[in-house]
2 protein chains.
Amino acid sequence: MTTQTTTGAARPAGRPRSEKAEKAIIEATLDLIGEGNSVSELSIEAIAARAGVGKTTIYRRWSNKEDLVVDALSSLKAPLPQFAGRSVREDLITWLRVISTESADRRGRCVMNILNSDPGRHPRVMERFYELAIKPRREAVLAVLRRGVANGELRPDLDVDLAMTILNGALVWAGKWLDHPGQMEGIPDRIVNEVLRGFAPA
Amino acid sequence: MTTQTTTGAARPAGRPRSEKAEKAIIEATLDLIGEGNSVSELSIEAIAARAGVGKTTIYRRWSNKEDLVVDALSSLKAPLPQFAGRSVREDLITWLRVISTESADRRGRCVMNILNSDPGRHPRVMERFYELAIKPRREAVLAVLRRGVANGELRPDLDVDLAMTILNGALVWAGKWLDHPGQMEGIPDRIVNEVLRGFAPA
DNA sequence: CCGATACGCAACGGTTCCGTTTCATAAACC
DNA sequence: GGTTTATGAAACGGAACCGTTGCGTATCGG
């Protein structure tokens with residue numbers, strides 16, 4: 001039994017694990033996902049090489065690839081979009097613009113690539129990812145829609161869940177079939193306008 | 001110089017290529033795609049094993065994996081859905097129901113898996129696939145929407161392209177986030193109803 | 001300094017897949 | 001029968017990656 005001077009968990013003897021290496025590994029993982037690699041296509045060797053790290057350093061921290069990916073995705077806490085609240089229309093446009101804009105940076109591409117991957121393939125990864133990156137925002141947007149139902153901006157019998165599926169699905173689908181990001185320019189506004197008015201004449 | 005008794009292309013001497021083997025190879029390829037394998041994940045060895053065929057037989061016909069996949073997808077000519085034409089609402093519901101139903105069989109799953117794959121990864125495959133399986137149906141549905149605009153069922157200033165993106169995107173997105181196929185039951189009807197009426201009150 | 005642990009690196013044996021070659025056999029034509 | 005081509009099976013060398021091990025070095029606490 002050694003003398004214990006500090007309270008709390010005993011610090012193990014020897015060289016401590018490198019924070020820098022850990023960051024580099026997670027960054028490398030996110031880079032590779034952002035570049036379009038599916039979870040199945042990720043290889044520990046590629047991650048180690050990209051991070052400038054030995055494979056040992058990875059295996060010492062994570063026992064398998066999925067655990068690593070789950071931890072990497074945990075660093076993708078997306079900030080909740082700030083809704084002005086002046087109108088539901090405005091907030092929904094803001095929401096779609098946020099998605100659209102974020103798809104340009106690395107984190108956004110990560111999110112999109114994971115979203116577009118087969119959910120049945122890596123259930124633990126998807127579950128964690130959903131809780132972390134999707135659910136909070138989903139709740140926030142649902143609140144906007146419910147506010148609209150409550151204050152008469154939206155139909156009282158609107159299915160807010162389905163409404164959100166329509167909005168998100170439309171934007172993602174649009175992004176998938178446009179070659180150049182520039183074409184996404186006015187899409188959020190146009191989608192919101194069309195679905196608010198409806199396709200049928202007044 | 002040999003005597004030429006038949007007209008047309010000279011039949012080469014020797015054993016002819018087996019039609020059966022060719023079919024088996026393509027079926028095996030579609031099976032594997034339908035089971036969720038991306039094009040990158042397909043391996044010639046797995047295809048050969050599944051088809052009960054030697055690798056030689058594959059390499060003799062296709063010089064690379066993409067050529068094989070392109071040919072395999074060519075056998076997926078989706079029949080155009082038959083629209084009753086009584087109303088645009090009805091035809092759009094029919095359309096979404098067709099997609100939804102087809103997602104259950106192997107060909108449909110193939111289509112969905114290819115659609116959900118990264119378009120930038122195998123451009124030749126995607127291009128061919130779009131021309132073959134997407135474009136014709138897209139044109140047919142656009143015709144339905146234009147008919148609606150012309151006869152007053154839809155708003156005269158409706159953006160039919162965007163409208164179709166919204167419909168398809170919503171359905172695909174809904175299918176992605178439902179675990180059991182049974183939950184898709186009334187989704188097509190509900191989507192069409194919501195987007196025709198619009199989220200805003202009349 | 002010493003013991004303990006982590007580090008990057010290189011190498012290991014094992015697996016999967018690549019694209020090619022060899023082989024005995026099968027199926028067409030003359 | 002003889003020629004020619006295709007077939008399935010097996011094996012090749014090579015590549016990528018797996019998860020592990022050993023090595024020399026670096027970095028902590030005592």
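Here is how names work: the chains are called A, B, and so on, in the same order as the sequence lines, proteins then strands, and each is numbered from 1.
Ion pairing between B/Arg124 and B/Asp67 holds under the 4.0 Å rule for side-chain N and carboxylate O. A salt bridge is defined here as a Lys NZ or Arg NE, NH1 or NH2 lying under 4.0 Å from an Asp or Glu carboxylate O, and B/Asp91 with B/Arg147 meets this definition. The existence of a salt bridge linking A/Arg138 and A/Asp161 is confirmed by a sub-4.0 Å separation between a basic side-chain nitrogen and an acidic carboxylate oxygen.
Against DNA chain D, the stretch residues 19-48 of chain B makes no heavy-atom approach under 4.0 Å. The stretch residues 56-69 of chain A comes close to DNA chain C through A/Thr56, A/Thr57, A/Arg60, A/Arg61, each having a heavy atom under 4.0 Å from the strand.
Checking B/Arg17 against B/Lys55, the closest nucleotide of DNA chain D that is more toward the 5' end is the one next to B/Arg17. Nearest-nucleotide positions on DNA chain C place A/Gly54 closer to the 5' end than the other of A/Gly54 and B/Pro16.
At whole-Å resolution of the value, CZ in A/Arg15 and P in D/dT27 are 6 Å apart.
Within 6.0 Å of atom CD in B/Glu127, 12 or fewer heavy atoms from other residues, nucleotides or ligands are found, so the atom counts as exposed in its surroundings. Other residues, nucleotides and ligands contribute over 12 non-hydrogen atoms within 6.0 Å of the CD atom of A/Glu139. Within a 6.0 Å sphere centred on CD of A/Glu131, other residues, nucleotides and ligands contribute more than 12 heavy atoms.
Counting heavy atoms from C-beta outward, A/Leu73 and A/Arg128 have side chains that stay 4.5 Å or more apart.
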task: Report the C-alpha distance between A/Arg190 and B/Asp159 in whole Å, list the side-chain angles of each, state the deciding distance to 0.1 Å, and finish with yes or no for side chain to side chain contact (heavy atoms under 4.5 Å, CB included).
output: CA-CA 9 Å; A/Arg190 290 164 59 201; B/Asp159 180 337; 2.4 Å; yes
